[in-house]
Every structure is written in C-alpha cells, then in structure tokens.
Amino acid sequence: MGSLGMYSESGLTKKGSSRGYDVPEGVDIRGRYDEEFAKILNKEALLFVADLQRTFRNHIKYSMECRREAKRRYNEGGLPGFDPATKYIRDSEWTCAPVPPAVADRRVEITGPVERKMIINALNSGAKVFMADFEDALSPNWENLMRGQINLKDAVDGTISFHDRVRNRVYKLNDQTAKLFVRPRGWHLPEAHIFIDGEPATGCLVDFGLYFFHNHANFRRSQGQGYGPFFYLPKMEHSREAKIWNSVFERAEKMAGIERGSIRATVLIETLPAVFQMNEILYELRDHSVGLNCGRWDYIFSYVKTFQAHPDRLLPDRVLVGMTQHFMRSYSDLLIRTCHRRGVHAMGGMAAQIPIRDDPKANEVALELVRKDKLREVKAGHDGTWAAHPGLIPACMEVFTNNMGNAPNQIRSMRRDDAANLTEEDLLQRPRGVRTMEGLRLNTRVGIQYLAAWLTGAGSVPLYNLMEDAATAEISRVQNWQWLKYGVELDGDGLGVRVNKELFGRVVEEEMERIEREVGKERFKKGMYKEACKMFTRQCTAPNLDDFLTLDAYNYIVIHHPRELSKL
Ligand SMILES: CC(=O)SCCNC(=O)CCNC(=O)[C@H](O)C(C)(C)COP(=O)(O)OP(=O)(O)OC[C@H]1O[C@@H](n2cnc3c(N)ncnc32)[C@H](O)[C@@H]1OP(=O)(O)O
Ligand SMILES: O=CC(=O)O
Ligand SMILES: [Mg+2]
C-alpha cells in the first residue's frame, strides 16, 4: 500500500470503536459485527473509503441534483438530446488510452452476483471476463456486501474455495480463469450500514473503495498484467458523473502509489440521457476507459422513466421491446461507432434466456434466440457480449469466434461510419407493438416474485425460464405505472380493456393466487410475497413515479446493530 499522507492527522491518530469494529474518527459501522468482516473493514480501508466520501460527496450531491433538474425538464415536455456545449468533444479527433493487453479479447463475458460458488463457477466458465456484480444482480444487504468483498479478495488471491456439503463437492479455481471486472452500485444508492460524518456512505464508494484497497496490488500482479483493477460503471446519466469516477480513480491510484491509467472501466450506457453523452463520457474517462456496454434492460427502463410525463411515448408489452426496435438498434449502432472511433471496446448486452433443463425442445428454442441475438451483435460490430449463465457460453463463443476469427476484437475493423448520421429522432423513436392484459399480468407476476426474492437476499433469479434482475424488474414496475397513469387500453383476448386501479387490484389478487399455486403454499407463507406485493402495488399506483424500485425496498433490508429495523 502506498503513502497515506493525504489523510488528515486526526483521522489517523484518533481512536474509535464502532460496535466492535476499530474505526477512524467520523466513521460509524452499524452493520453486524463479524470477525471476517472486520478484516475487510479494517481501519486503513475505512480511512480510504472515508477519504473518498469526504472528497466527492458534494460532487455526488450536485450530480444527483442535476438529475432531478433534468427530470423536471423532461416532465415539462423536454426531450433529451445532444448537448450543443460539448459539440467540440463529439466533433474532434481524439482516442482513449490503448486497451490493456490483458483485456483485448472480451468476446464473451459472464456476469453474476458476488456469491462464493458463483464467483468460482464464473471464473472457471470459459468466458474471457467475469463481471462480479454488486449491482443489478445483488440484493445489497449487509451480509451479501461483506461476504462479497471477502469472496472477491479470496478470488483475487487465488485461494477461493467452496464446499457444497449437500453434494459433497469442493469448488476451486482452474488454472485458466476469466479476467475479473467488478461492478459497484449506482451513484444513487446509499450504504446505510456505514455512516461517515453522520451520513450514510455512498454505496458505490464503499464497494469500490473496499475492493480496490484490498486487491489492487494482487490484481495487477496476477490478473491484469500490470493494469487494473477493472470495473464496470452502471446507470450514469451524464458525463459529469463519469468525471467523478475519473477523479475517484486518480485519487485511488495516488493513494496506492500506482501509475495513472492503471485502473480501467467500462461504462454501461443504460440510461436514455447517457446515449447523447457517449463521447463526453469516454472523454472524461479517456485515461481509464475500456469501452462502453449496451445495458439494454436498464435502458428500456430509463426510456419509460425519462418519458414518464409523455403519454404519446408509451411502451408496448415488455417482451416486444427488443434490440430490433429502431430506437434500440440505433443506440447499439451509435455505441459501436463511438467506441471504435475512440479506440475502445463496444460491448453488447445480455440476452435474458437461460438454459431450460427439463425441456430440450424449449431449451433449443431459447438457445436459438441467444444465437440470433449474438449474431446480430457481432455482425453490427460489437467486440463481445454478455451471458447470464455458464450454459450459454459455448453458443455465444461460437457465434463471436465464427465472425471475428482470431482477431481479439473488431475495434479497428468495424468503423461503422454509417452510424455517424444517426439523429436524436432515431434514438428516441417510439417503440412499436401491442399492449396486452397478458403483458400487465406478466409484469405483475414477475415484479412481485423478483421483489420477494430481493427482500430475502437474492438479487438475480430464474423466472419463467428467463434471468430476472433489478433492471428487468424495473421495466415491469414502470410499465405498469405508465399504463395505469394514462389509463391505457389493453388488448384482452381481442377486447379492449382500459386499465385502472380497480382492474389492477384484481390482476394483483389473481396473480398472487397464481404465484401461490406455482411456488406452493409452504414457500409462499415463508417467503416475503405479501410484503413484495404491497410494495410493488404501491409503486405501480403512486401518483409520482419512484426513481428506483430498490430505493424504497432498501429500507426493508437495512438492519442496524444492536438489531433493529431501521429507516433511512
Ligand atoms: C440486466 C443486467 O444487469 S444483466 C447482469 C446482472 N444479472 C446477472 O448477472 C444474472 C446472472 N445469472 C444468474 O444469477 C443465474 O444464472 C440465475 C439466477 C438467472 C439462474 O441461476 P440458477 O438457478 O442457479 O441456475 P442453474 O440451476 O441452472 O445453475 C447451474 C449451475 O450454473 C451456475 N451458474 C448459473 N448462473 C451462473 C452465473 N451467472 N455465474 C456463475 N455460475 C452460474 C450455478 O451456480 C450452478 O452451479 P452448480 O451446478 O455448480 O451448482
Ligand atoms: O446492466 C445491464 C442492463 O441491461 O441493465
Ligand atoms: Mg443495468
């Protein structure tokens, strides 16, 4: 670890204790004490997190206020678009720092929560990269977060193992493993188990800070060939947020005494406003960038959220909003063009299909959908793609390898200059398709079950043969809200049915009965389905759309010690 000279004397010298943890001044740990957690939450690591929090909290607050201001503009009828003030960045020629050799080839990346067995399986999966997730795929309760940090440290050290006692199977790392990327939470989420100067810490600074502090040296030695650690950055809406990340990286590099540009990150373009900021985001992160990724599920969620006050832009059924819709294809094409022009990877997104073990025919159909989606991506010029499950990796790998051959990526070979002319209208074009009662029912059934899982600690789950996570659940929630708000007419077996609260109430009741039948009475009683139903129903019928499903739900998973259920 490099010099700690940048921290204030008082932080270093004054002693403090917080429910068993040895903490620097101003830091209060309110989560459960555990000896293993205490090794992660040691005083030096907390000092680093506190330094990041103190340095950047006002920048973060300002950025969140700018998000609210943009929302006000969209709610008054404004549309997101390219910023005339930064035209010079879009028009001028510049490139990002060269791609580190360790991650030149990213043709298939697997993602998953920071759960111990899954980390080992993902690293051994044959994918080029594993994105370990503190975000869409994780329910951020204290145990998951702290165990996730322990698991990642063991993974980077190469010592991680897991004993499945039921199956008497021991999991260990293979000789050859995927390269590790870590995705911290979005800027909007607090970490209510760690208070700094009387305020909850910023979730992503905790995720980033603890992981970086404990792993940067080992990572660069064992994984990054001198570079790293590597990150994915979610849910940004503007380049000013990327600028904060860039400054966080610079501060971390300085603290660690490592070269500027060692840390690298891929930004998910998964909000509608961000698609107009892709050059600007890369520009801010140009010394730390390894590309952009099409976070297609949050992007769809963001389309609804951004246009919450625009009844002329209602979405069709969720299953119809695929990558072949004009606005989605334009987004992917422009992302490829932007990344390749700037010399970095243009990563594709997640197909939500997962293997269907008990039905070979249905499994083949699902696999074929994945192949088709990946073929579209590689032919469009994407340099790699995401898989949600190890069972999909061979198919994804085959499609990308057949089309990219031995080249590690298509950064130089697929310029996509044709996409230079894509306009604001292309990127905002209204999606086409029908809205149905079955769509409303499916949203409700999936949204409630996902939330019930999230409240009990699972952030990604299989539902009806698809992967569901926070991003896909958000689509279900905001789509219901939108249809209710504007009293949309849905197609119900050929008959027009207008959505209102009463109809929705009936749908919720019937879908809860169906869920109970499907999961069984015992599991239904033990689970948190009723709480999830209440929360989901409130969010779908609220007069004003909640910004995030997980912000409200977070209050229910915060447990302060001594044990008490706490509200922020
Ligand atoms: C919109 C977005 O942000 S996408 C990115 C965020 N979302 C994700 O990362 C979702 C990742 N995927 C998953 O979490 C899982 O695949 C799920 C929850 C959808 C399904 O998981 P399961 O029900 O466990 O699947 P299944 O029973 O078929 O698993 C078979 C094996 O594959 C493993 N596995 C499944 N998915 C993954 C994964 N993503 N990474 C590593 N291992 C995995 C399981 O651990 C299991 O291992 P085992 O045989 O050693 O016990
Ligand atoms: O994070 C990915 C997404 O699609 O959302
Ligand atoms: Mg996402």
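Since the model is a prediction, treat every value here as computed from it, not as a measurement. Each ligand, and each atom within it, is numbered from 1 in the order the structure gives.
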Checklist entry - Any donor-acceptor pair under 3.5 Å linking the side chain of R185 with the backbone of V206? => result no
Next on the checklist: So for M350, does at least one of its heavy atoms come nearer than 4.0 angstrom to any atom of ligand 2?
Outcome noted: no
Checklist entry - Any N/O/S of D298 under 2.8 Å from the Mg ion (ligand 3)? => result yes
Checklist entry - In terms of the angle between their ring planes, are F208 and F249 parallel, tilted or perpendicular, with boundaries placed at 30° and 60°? => result tilted
Checklist entry - Under 4.0 Å from ligand 2, counting heavy atoms only, is it the side chain of W386, its backbone, both or neither? => result side chain
Next on the checklist: In this structure, does ligand 1 have an atom that sits under 4.0 Å from one of the heavy atoms of R169?
Outcome noted: yes
Checklist outcome for this item: Within 4.0 Å of some non-hydrogen atom of W386, the atoms of ligand 1 are 4 (S), 5 (C)
Checklist entry - Of the protein's non-hydrogen atoms, which lies at the shortest distance from atom 41 (C) of ligand 1, and what is that distance? => result M118 O, 3.3 Å
Item to check | R106 versus T266, side-chain donor and acceptor atoms under 3.5 Å | outcome: yes
Checklist entry - Got a protein heavy atom sitting under 4.0 Å from atom 21 (O) of ligand 1? => result no
Next on the checklist: Below a 4.0 angstrom heavy-atom separation, can you tell me which part of M350, side chain or backbone, both or neither, approaches ligand 1?
Outcome noted: side chain
Next on the checklist: Salt bridge or not between D547 and R67? Use side-chain N to carboxylate O under 4.0 Å.
Outcome noted: no
Checklist entry - Is it true that a side-chain atom of N465 and a backbone atom of I356 form a donor plus acceptor pair closer than 3.5 Å? => result no
Checklist entry - Are any of the N or O atoms of D469 closer than 3.5 Å to those of ligand 1? => result yes
Item to check | Shortest protein contact, atom 10 (C) of ligand 1 (heavy atom only) | outcome: M467 CG, 3.6 Å
Next on the checklist: Assess whether a salt bridge exists between E516 and K521, defined as any Lys/Arg side-chain N lying under 4.0 Å from an Asp/Glu carboxylate O.
Outcome noted: yes
Checklist entry - Could any protein non-hydrogen atom be found less than 4.0 Å from atom 39 (N) of ligand 1? => result yes
Next on the checklist: Using a 4.0 Å heavy-atom cut-off, which part of K117 comes near ligand 1: side chain, backbone, both, or neither?
Outcome noted: side chain
Next on the checklist: What I want to check is whether the side chains of R318 and Q479 have a donor and an acceptor closer together than 3.5 Å.
Outcome noted: no
Next on the checklist: Just to confirm my numbers, could you give the angle made at the Mg ion (ligand 3) by OE1 of E270 and OD2 of D136, rounded to 10°?
Outcome noted: 160°
Checklist entry - Considering only the protein, which heavy-atom contact is closest to atom 50 (O) of ligand 1, and what is its distance? => result Y171 OH, 2.6 Å
Checklist entry - Which residue holds the protein heavy atom closest to atom 2 (C) of ligand 2, what is that atom called, and what is the gap in Å? => result E270 OE1, 3.4 Å
Checklist entry - What part of E468, side chain, backbone, both or neither, has a heavy atom within less than 4.0 angstrom of ligand 1? => result neither
Checklist entry - If you count the atoms of ligand 1 from 1 in the order shown, which ones are under 4.0 Å from a heavy atom of V461? => result 18 (C)
Checklist outcome for this item: shortest atom 33 (C) of ligand 1-to-protein heavy-atom contact is with N121 ND2, 3.8 Å
Item to check | Region of I110 that comes within reach of ligand 1 [heavy atoms, distance under 4.0 Å] | outcome: side chain
Checklist entry - Is atom 31 (C) of ligand 1 close to the protein, meaning a heavy atom under 4.0 Å from it? => result no
Item to check | Approximate separation, where rounding is to 0.5 Å, of D157 CG and N218 CG | outcome: 5.0 Å
Checklist entry - Near A137, which atoms of ligand 1 are under 4.0 Å from a heavy atom of that residue? => result 6 (C), 7 (N), 8 (C), 9 (O)
Item to check | Which residue and heavy atom of the protein sit nearest atom 12 (N) of ligand 1, plus the separation | outcome: A388 O, 2.8 Å
Next on the checklist: Against ligand 2, does Y299 come closer than 4.0 Å with any heavy atom?
Outcome noted: no
Next on the checklist: Is atom 24 (O) of ligand 1 near the protein, in the sense that some protein heavy atom lies at less than 4.0 Å from it?
Outcome noted: no
Checklist entry - Under 30°, 30 to 60°, or over 60°: which ring-plane class applies to W386 and Y232, parallel, tilted or perpendicular? => result perpendicular
Item to check | Shortest protein heavy-atom distance from atom 29 (O) of ligand 1, along with the residue and atom involved | outcome: H389 NE2, 3.4 Å
Checklist entry - R183: heavy atom below 4.0 Å from ligand 2, yes or no? => result yes
Item to check | Stacked cation flag R286 on Y283, 6.0 angstrom / 45 deg | outcome: yes
Checklist entry - Do you see a donor-acceptor pair shorter than 3.5 Å between the side chains of Q277 and S239? => result yes
Next on the checklist: Measuring from atom CE of M528 to atom CD of Q449, what distance do you get when rounded to the nearest 0.5 angstrom?
Outcome noted: 15.0 Å
Checklist outcome for this item: So CD of Q325 and CD1 of I300: to nearest 0.5 Å the spacing works out to 9.0 Å
Checklist entry - Looking only at heavy atoms of R167, does any of them come nearer than 4.0 Å to an atom of ligand 1? => result yes
Item to check | Contacting atoms of ligand 1, where contact means under 4.0 angstrom from a heavy atom of D133 | outcome: 6 (C)
Item to check | Side chain, backbone, both or neither: T111 near ligand 1, heavy atoms under 4.0 Å | outcome: both
Item to check | Close side-chain approach of I119 and L152, heavy atoms under 4.5 Å | outcome: yes
Next on the checklist: Looking at ligand 1, would F130 count as a contact under a 4.0 Å heavy-atom criterion?
Outcome noted: no
Checklist entry - Quick one: does P462 get within less than 4.0 Å of ligand 1, heavy atoms only? => result yes
Checklist entry - Could R183 and F181 be counted as a cation-pi pair, given that NZ or CZ must be under 6.0 Å from the ring centre and within 45° of the axis? => result no
Item to check | Carboxylate-amine/guanidinium proximity below 4.0 Å for K361 and E364 | outcome: no
Next on the checklist: Can you name the atoms of ligand 2, numbered from 1 with element, that are less than 4.0 Å from a heavy atom of A471?
Outcome noted: 5 (O)
Item to check | S63-H238 side chain donor-acceptor pair, cut-off 3.5 Å | outcome: no
Checklist entry - So is K305 actually on top of F548's ring, under 6.0 Å and inside 45° of the axis? => result yes
Checklist entry - Under a heavy-atom criterion of less than 4.0 Å, does R357 contact ligand 1? => result yes
Checklist outcome for this item: Under 4.0 Å between heavy atoms, the region of D136 that gets near ligand 2 turns out to be side chain
Checklist entry - Has the side chain of D469 got a donor or acceptor atom that lies under 3.5 Å from a matching backbone atom of T472? => result yes
Item to check | Best match, A122, S460, P390: closest heavy atom to atom 14 (O) of ligand 1 | outcome: S460
Checklist entry - atom 3 (O) of ligand 1: which protein heavy atom is closest, and how many Å away? => result D136 OD2, 2.8 Å
Checklist entry - Between W297 and ligand 2, is there a nitrogen or oxygen pair with a distance under 3.5 Å? => result yes
Item to check | For D298, atoms of ligand 2 separated by under 4.0 Å from a heavy atom | outcome: 3 (C), 4 (O), 5 (O)
Next on the checklist: Using modelled atom types and a 3.5 Å cut-off, is there a donor and acceptor pairing between side-chain atoms of N124 and backbone atoms of N174?
Outcome noted: yes
Checklist entry - If you count the non-hydrogen atoms of other residues, nucleotides and ligands that lie under 6.0 Å from CD in E65, is the total more than 12? => result yes
Checklist entry - Does ligand 1 have an atom under 4.0 Å from some heavy atom of R183? => result yes
Next on the checklist: Is the contact between T472 and ligand 1 made by the side chain, the backbone, both, or neither, using heavy atoms and a 4.0 Å cut-off?
Outcome noted: neither
Item to check | Contact check, side chains of F307 and L272, non-hydrogen atoms, under 4.5 Å | outcome: yes
